[in-house]
Amino acid sequence: MATELKTFTGSQFIGKPVLADIEFIPYLEKINDFAATNGLKIFVTSSARPWGVPVGGAIIHPAKMSNHLIGHAIDMNIQIGAKLYTSHELGDFNSLPSTIQAFFTAISKHPVLHWGADFGDPVHIDDRLNKNNPNTWNQKFPIIQSELTGLTQPGIRAVNSPRLLFLTTPLMEGDDVKAVQEKLIGKGFDLGITRADGLFGSATSQAVIKFQDQEDLEPIDGIVGDTTKKALGL
Ligand SMILES: [Zn+2]
């Protein structure tokens with residue numbers, strides 16, 4: 001089993017950068033293929049999700065084994081031209097354009113991929129790892145959560161191990177975010193705040209994207225990793 005958090009970009013993917021476990025990337029490529037065949041753009045609204053804030057340094061096991069928590073799921077809207085199809089439209093299969101119907105039919109016929117409409121969640125696609133292999137889900141959970149939250153082992157915060165910084169719900173918070181904001185403010189970017197507050201909100205994310213663009217960094221994804229930190233002088 002390989003478990004590692006990666007960012008995914010595909011020709012048909014727009015919106016938030018997709019954060020996924022390395023073992024889910026081939027399925028994202030498949031989704032990208034199905035979207036390309038049908039001329040659709042996938043606007044990702046959510047992918048890998050941090051599971052709350054560790055209490056007393058320990059990761060508590062969630063009651064619901066969501067595949068978002070291990071980077072094996074996306075939530076998306078679908079865009080055709082200027083029209084965005086959100087959960088309201090996507091939930092009414094028979095009223096959808098034939099290209100979107102064909103896209104979801106391809107997902108449903110795929111041996112691994114699973115469309116969430118079966119359980120009332122038409123914006124959701126995953127690979128059912130939580131159901132098909134809960135042991136693997138359990139092994140991946142602390143690793144992916146560690147990478148998302150800056151913990152390297154369940155329950156142990158790694159002071160010297162930098163985490164990736166990006167826009168999440170709830171917002172990432174900390175001195176590492178503050179350091180990034182101070183650099184951005186120092187370089188004249190507008191974060192909507194006069195002093196760094198240590199919260200990685202949307203203005204900070206937008207400023208990171210502008211900075212990455214300005215510095216010709218690749219990819220321009222609003223995620224602060226080693227390359228962006230170095231360019232900021234951190
Ligand atoms: Zn979902």
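Note that ligands are numbered from 1 as they come in the structure, with each ligand's atoms numbered from 1 the same way.
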Using a distance threshold of 2.8 Å, state whether an N, O or S atom of Asp121 lies below it from the Zn ion (ligand 1). no
Could you please compute the angle at the Zn ion (ligand 1) from NE2 of His68 to ND1 of His124, rounded to 10°? 100°
Please give me the minimum heavy-atom distance between Ala2 and Ile22, naming the atom from each residue. O-CG2, 3.7 Å
Can you tell me which N/O/S atom of Asp75 has the shortest distance to the Zn ion (ligand 1)? OD1
Mark yes or no: Lys41 above the aromatic ring of Phe43, with NZ or CZ under 6.0 Å from the six-membered ring centre and no more than 45 degrees from the axis. no
Apply salt bridge (charged side-chain N to carboxylate O under 4.0 Å, His left out) to Lys140 and Asp21, showing your working. CA-CA 9 Å; Lys140 285 182 179 290; Asp21 177 27; 2.6 Å; yes
Would you say the ring centroid of His124 lies under 6.0 angstrom from that of His114? no
